[in-house]
A.B. asks: 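First the structure, which I've put down as structure tokens, then a few questions once you've had a look.
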Amino acid sequence: MNTRNRYTYTRKILAFACLAALNTTAAMAQDHAADDATKKQATSLESITVTGSRISNPNVISPTPISVLTAADIKATGAINIGDLMTTMPQLATSFTMGNSSQFIGTVGIARQDLRNLGTNRTLVLVNGRRFVGATAGNTAVDVNLIPADWVERVEIITGGASAVYGADAVTGVVNFILKKNYKGANLHAQYGTSEHGGFDKKLISLTGGMNFAQDRGNVAVSIEHSDQDSQEFSDRFGHQSYASIKTPNGPTDTALFGNAGSYTITEGGTFSFGKPTDITKRYVFDPNGSVRAQRFGGLYDDTGRCTDCDRADLNQVNQLQPRYGRTSLSTVASFNITPDHHLYFEGNYSHVDVKKYGQPGFGSGASAYTITSDNPYISPDLAALMKANGAKSIKVGRFDVDGGRRGEDTSRDTTRAVFGINGAIAGDWDYDASVDYGVTDETRHNLNNRIKDRFAASLDAVRDPVSGNIVCRSTINPGATNPNALDSKGRPRVLNPIALGGGCVPTSIFGNGAINAAAANWFNTTTTTRSRLTQFVGGGSVTNNNLFQMPFEAGAASIAAGVEFRRESSRQVTDPLDVAGLTFLNAIPPSGGAYDVKEGYIETALPLLSGRPFAQNLTFDAAARFSDYSTIGHTKAWRWGLDWSIDDNVRLRGTMSSAVRAPNIGELYSGQRENFFTITDPCTAAQIKNGPNPSVRQANCVALGVPQGWTSTNGATIRGVSGSNPNLKPEQGRTWTAGMVLTPQFLSGFGVTLDYWNIKLSNAVAAPTGTDMANHCVDSTTGIGNVYCQNTQRDGTSHELVYVSSLNQNISSLSTSGVDIGAYYSHPMFGGRMNWAIDATKVIAYTEHPFQDDPSNTVQDNGTLGFPKWKAVLRATYTLNNWMFNWNARYFSSMLRVSNESYRSNPTQTTPIRSSSGFFNDVKAGYKFGNSGWQAYLGITNVFDRNPPVNSFGTTFGGGLYDAVGRAYYAGFNYNF
């Protein structure tokens, strides 16, 4: 076993045992010969400060479970951006991957961490044990894609409330990125990869260099890294796949998912009806040449607007699986020994990101379908005859405006962070550390092809100029005329906004795919710009003493760490005036801003109780407390205590109990209320009644809302509403406890197992539910319709359709989850080389939502539903032989329901497929080191077996982010040390 591999394994086994089973290192050293340099390396590892504690005494073991991803693990995957790699860890959810990061406005390319699926706002991300500035306006959640992959030494993940040690946001735990602190020499690393599907190319180049100076009293190191990936379009990977769930009254299930299917109430060229939207005998479409004909229905269809083998829109043709993404990062560290007892240090990070995403164009559907009046000059004679025969003075056209240009986001982000600090010895056994940390993120987002709604309405309302005979916009010859596509708050036609029009108008036809002319599109589309800035300042100091006093029974020395900290967070977003006024197709988003500061004091102690006794090789109690004073919510407190019991060299037991807090962030408090659009499957539609957790309750509540029995929703469009902040929010409260064991059997050298149970409960949770959650919670409440969800979902009194949803932040819910983490590591000789195995797995026992925390009987069980797999695991295997290294990485997660557990119990035959399949993806890599030349080359394949995601899952949604949607891909690279 060579020195490098032995050191990597030693570090890994330390990490696996919570960086705690330090005696394992000694045991391994007895079994494997090592030189003096390696022994010194292992010894230095034992004195590091482990995530979850500020005490660095190597004789005191933190009882908090820790999972570790090392630099070697990262390099074995070929990852060039670390965000997607982190989501493969069993403890982390796929809330933000590169593929699904465009779920929300302004988050494309951002990778936030989500421990235990409890939300990115409740997971604290640290860099070298310190906070890092947030990535998006109003939110302190960190974009870990900004962290250079080649600059990472290891990543430590702890479960459980860590607020007592690190402050707010650590309700579910901490993800701590440990970066290189001292580097000598230089390294050049380059990598290129491409996908088997569509030429999805990825590139990385980095250069790292460092040196000592001033007679080795100081060290400075710098790394510059650039990574780049192309966009990947849906058609490159999946062709023209399109699916829809269609009712099958005579089938074994109520609905079934069919291919070559979609909505027949919207097409690229336009479709309309002279009767009910679902009366297919009265539906018509426009061909590309502008002619009108009866809509084709060659297969199945239902009364919800879905059909197979028919005239329909292909929405996936504009779906983008991966955005265009580029990142350049500059990282530097420096240290200087003023005296042997006092040391200066510096950390600097700068990242520039450019990310571009294209998606759907503007569209009109359902209630927002385009109105074309009978005097429109683009109406052909055959259409005019049809309108006359049906007594129609206008038609409502459902249209997917691909010819009007795809909307998109072109975003640049600049993030700068600097840390200045000093540490050393005060007197006796007292040490100190003081630092200031300042970070700033500047974001500029250009909203591409952002339709100015009144201009588009003016273009549609074309007439013939009575003087010239030319086709013009009605607003050109009659500025005071009302427009049928511009409606006021009561749904009545209104006069167009002259400021939005800005003078001039270019008319256009919408009859047929390709009908929108380029001149009109250039006139009614624009690029609006939103700019944001976030700042973070953290200043503080701490003192530690690892020999405070000797404990009784010769147990050892007590340790203490105490400190104070001041933090200020600020955020400002300046939105384009057109967007602020709600004049564009983009949601109406007001400017926002706010700030808060917090003053904190904390203390942590570790008390050895027994040492060197039978069945008590070591027994240590630790405790921590933090007291905070927020400018927004006032005083909070958090605490933690734990017990670590090393029975002997083979068995270690550990457990913690903690109370954590999360202060509402700036966005939750001060972002204001903004227009939003919700996609909702109406729970009161006839086909959905029996899918409720209690169908009779759902039916009764729907009737109480005025919806008659047997009613069917025909709305296929999104539903307008509002979402936003609440300045009166209170802090969230969390309770966590963990219990586990570490097994390092001495009879099997190089082997270890960890087993940890965790339980997290969150109350006063800040919730802004999705539209579907709002509608479902309203009618599934066992206490009737007098709840906050019904108050915030409005229906039309005549059509009974949902027409408006209000989803503001409120402390109304609670969450709880529990599970078991399992880790196993084994290193052994094999065929003249060395084999290292590592497996991390998580079994989620329960994940329960309480939509109304005051009504504990009303629960939603998410465990096992899409995005919440019950099992998730990763296997890492490395074989080294002389100069060769081979890696095999596999990840697995269990199958999931596509519907809620409650709905499945009520009606297990409601649809097919009702489950998304389990995932099992494999990656391999082989590398060769060319002697002592400094050169190393490698090749790798990801998704070796080219496994597809399940049907109708393309990696762009929350649950779909679990699957590899890119397909088989190849990469190659080299390292050169000089």
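We number each residue from 1, following the sequence as shown. Bear in mind that the values here come from a model prediction, so they are computed numbers and not experimental data.
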A.B. asks: When rounded to the nearest 0.5 angstrom, what distance separates CD1 in I560 from OG1 in T544?
C.D. replies: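 Atom-to-atom, I560:CD1 and T544:OG1 are 10.0 Å apart.
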A.B. asks: Could you check D821 against D840 for side-chain contact (heavy atoms from CB on, under 4.5 Å), going step by step and ending with a plain yes or no?
C.D. replies: CA-CA 7 Å; D821 287 339; D840 288 291; over 6 Å; no
A.B. asks: Measure from NZ or CZ of R116 to the centre of the six-membered ring of W758, then state whether that distance is under 6.0 Å and the direction lies within 45° of the axis.
C.D. replies: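 Yes; both conditions hold, so R116 lies above the ring face of W758.
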A.B. asks: Does the distance from a Lys or Arg side-chain N to an Asp or Glu carboxylate O, for D644 and R654, drop under 4.0 Å?
C.D. replies: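 No salt bridge links D644 with R654.
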A.B. asks: Can you tell me which residue among D143, T87, T136 is in a side chain to side chain donor-acceptor pair (under 3.5 Å) with R112?
C.D. replies: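 Testing each of D143, T87, T136 against R112, the sole residue satisfying side chain to side chain donor-acceptor pair (under 3.5 Å) is T136.
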A.B. asks: Could you check whether E732 pairs with R122 (Lys NZ or Arg NE/NH1/NH2 to Asp/Glu carboxylate O, under 4.0 Å)?
C.D. replies: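 R122 and E732: salt-bridged.
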A.B. asks: Which of these, F336, F346, F537, sits in a ring pair (Phe, Tyr, Trp, His ring centres under 6.0 Å) with F420?
C.D. replies: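 It is F346; the other options fail the test.
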A.B. asks: Could you tell me whether R572 and D442 make a salt bridge, using a distance below 4.0 angstrom between a side-chain N and a carboxylate O?
C.D. replies: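 Looking at R572 and D442, the cut-off is not met.
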A.B. asks: Is it true that E443 and R533 have a side-chain N and a carboxylate O under 4.0 angstrom from each other?
C.D. replies: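 No, this pair does not count.
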A.B. asks: Would you say the side chain of T120 lies within less than 4.5 Å of the side chain of Q113, judging by non-hydrogen atoms?
C.D. replies: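 Result no, sub-4.5 Å side-chain heavy-atom pair not found.
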A.B. asks: Hey, can you tell me if W641 and F621 have their rings parallel, tilted or perpendicular (30° and 60° cut-offs)?
C.D. replies: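 Plane angle under 30°, so parallel.
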A.B. asks: Please tell me whether Y757 and W737 form a close aromatic pair, meaning their ring centres lie under 6.0 Å apart.
C.D. replies: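 So the answer is yes for these two rings.
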A.B. asks: Answer yes when E600 and K637 have at least one side-chain N-carboxylate O distance shorter than 4.0 Å, and no when they do not.
C.D. replies: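 Salt bridge flag = no for K637 with E600.
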A.B. asks: Tell me, do V175 and T123 make a side-chain contact under 4.5 Å, heavy atoms counted?
C.D. replies: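 V175 vs T123: side chains touch.
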A.B. asks: When you compare the side chain of E565 with that of R626, does any pair of heavy atoms fall below 4.5 Å?
C.D. replies: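 Yes, their side chains come closer than 4.5 Å.
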A.B. asks: May I ask you to decide whether D150 forms a salt bridge with K75, counting only side-chain N to carboxylate O separations under 4.0 Å?
C.D. replies: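 Looking at D150 and K75, the cut-off is met.
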A.B. asks: Quick test of your reading of the model: are E347 and R417 salt-bridged, counting only N-O distances below 4.0 Å?
C.D. replies: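 Counted as a salt bridge, because a side-chain N and a carboxylate O are separated by less than 4.0 Å.
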A.B. asks: Salt bridge or not for E225 and R327, using N-O below 4.0 Å?
C.D. replies: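 A salt bridge links E225 with R327.
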A.B. asks: Any heavy-atom pair between the side chains of V419 and Y438 that's under 4.5 Å?
C.D. replies: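 Heavy-atom side-chain distance check fails, nothing below 4.5 Å.
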A.B. asks: For a 4.5 angstrom cut-off between non-hydrogen side-chain atoms, does I110 reach N145?
C.D. replies: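 A side-chain contact under 4.5 Å is absent here.
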